[in-house]
Amino acid sequence: QVQLVESGGGLVQAGGSLRLSCAASGRSRRSGAMGWFRQAPGKEREFVATISWTGGSTYYADSVKGRFTISRDNAKNTVYLQMNSLKPEDTAVYYCAASPVYSGSYYGNEYDYWGQGTQVTVSS
């Protein structure tokens, strides 16, 4: 079993920045991608970013490309999401997730462990 705990969410003005963290504990996985997803009120959960086990491959949703950066520190069992130039439409609950897929995935159903989420609110 893997437990994921997100932190770093909050309220920020448009144009500002936040850095989300996701700490993994429990039975560690020797390899596997990590991802960030988000869900805004009344909307479906959507993919944000994913990173491969080594960190050598990253993929982003078009809506965040160039503004968000995903990274990971395997020694600390932590994955990060640096969010810059935030927009009101980035407001959502952000979830991190762990996948057994080595290279990363856009698809939520390829992730088997999820955190409880952290709220990000961007004011205009």
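Computed from heavy atoms alone, side chains included, the values below leave out hydrogens, waters and symmetry copies.
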**OP:** Please assess Val79 against Ile70 for the test side chain to side chain contact (heavy atoms under 4.5 Å, CB included), listing each intermediate value before the final yes or no.
**Re:** CA-CA 7 Å; Val79 64; Ile70 188 171; 4.0 Å; yes
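- By the 4.5 Å heavy-atom criterion applied to side chains, Thr50 and Tyr106 are not counted as neighbours.
- Here the OG-CZ distance, from Ser85 to Arg67, works out to 7.0 Å after rounding to the nearest 0.5 Å.
- Taking hydrophobic clusters as Ile, Leu, Val, Met, Phe, Trp and Tyr residues chained together by side-chain heavy-atom distances below 4.5 Å, Tyr80 does not share a cluster with Leu20.
- The shortest side-chain heavy-atom distance between Gln39 and Glu44 does not fall under the 4.5 Å cut-off.
- Taking the side chain as every heavy atom from C-beta outward, Thr121 and Val12 never approach each other to under 4.5 Å.
- Val93 and Met34 fall into different hydrophobic clusters, where Ile, Leu, Val, Met, Phe, Trp and Tyr side chains are chained together by heavy-atom contacts under 4.5 Å.
- Residue Ser123 holds its OG atom at 10.0 Å from CG of Leu86, rounded to the nearest 0.5 Å.
- Under the ring-ring contact (aromatic ring centres under 6.0 Å, His included) criterion, Tyr60 pairs with no residue at all, not counting sequence neighbours.
- Side-chain contact between Ser7 and Ser21 is present, with heavy atoms from C-beta onward closer than 4.5 Å.
- More than 12 heavy atoms of other residues, nucleotides or ligands shown are found within 6.0 angstrom of NZ on Lys65.
- In this structure a side-chain-to-backbone donor-acceptor pair under 3.5 Å is present from Asn74 to Trp53.
- Using a 4.5 Å heavy-atom threshold, the side chains of Thr54 and Tyr102 count as touching.
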**OP:** Apply side chain to side chain contact (heavy atoms under 4.5 Å, CB included) to Leu18 and Phe68, showing your working.
**Re:** CA-CA 10 Å; Leu18 283 174; Phe68 290 11; over 6 Å; no
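- No side-chain heavy atom of Gln82 sits under 4.5 Å from any side-chain heavy atom of Ser71.
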Original post:
So Thr78 and Arg72, side chain to side chain contact (heavy atoms under 4.5 Å, CB included) or not? Walk me through it.
Top reply: CA-CA 6 Å; Thr78 301; Arg72 67 188 297 166; over 6 Å; no
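- Val2 and Ala24 make their closest contact through CG1-CB, 4.4 Å (heavy atoms, listed as atom of the first residue, atom of the second, distance).
- Contact annotation: the side chain of Tyr95 never approaches that of Thr118 to less than 4.5 Å [non-hydrogen atoms, C-beta and beyond].
- Of all heavy-atom pairs spanning Ala14 and Pro88, the tightest one is CB-CD, 4.1 Å.
- Side chain to side chain, Glu110 and Ser105 meet the donor-acceptor criterion of an N or O pair below 3.5 Å.
- Here the closest non-hydrogen pair linking Gln119 and Thr91 is NE2-CG2, 4.0 Å.
- Rounding to the nearest 0.5 angstrom, the gap separating the OG atom in Ser99 from the OH atom in Tyr107 is 12.5 Å.
- Residues satisfying the salt bridge (Lys or Arg N to Asp or Glu O under 4.0 Å) criterion with Glu46, sequence neighbours excluded, are Arg38.
- Note that OG1 of Thr69 is 11.0 Å distant from CE of Met83, once rounded to the nearest 0.5 Å.
- Within the model, atoms OG of Ser25 and CG of Asn77 stand 8.5 Å from one another, a figure rounded to the nearest 0.5 Å.
- Qualifying ring-ring contact (aromatic ring centres under 6.0 Å, His included) partners for Phe37, counting only residues two or more places apart in sequence or in other chains: Phe47, Tyr111, Trp114.
- Considering only heavy atoms from C-beta on, Tyr113 comes within 4.5 Å of Gln1 through its side chain.
- No hydrogens or angles considered: a donor-acceptor pair under 3.5 Å links the side chains of Asn84 and Ser17.
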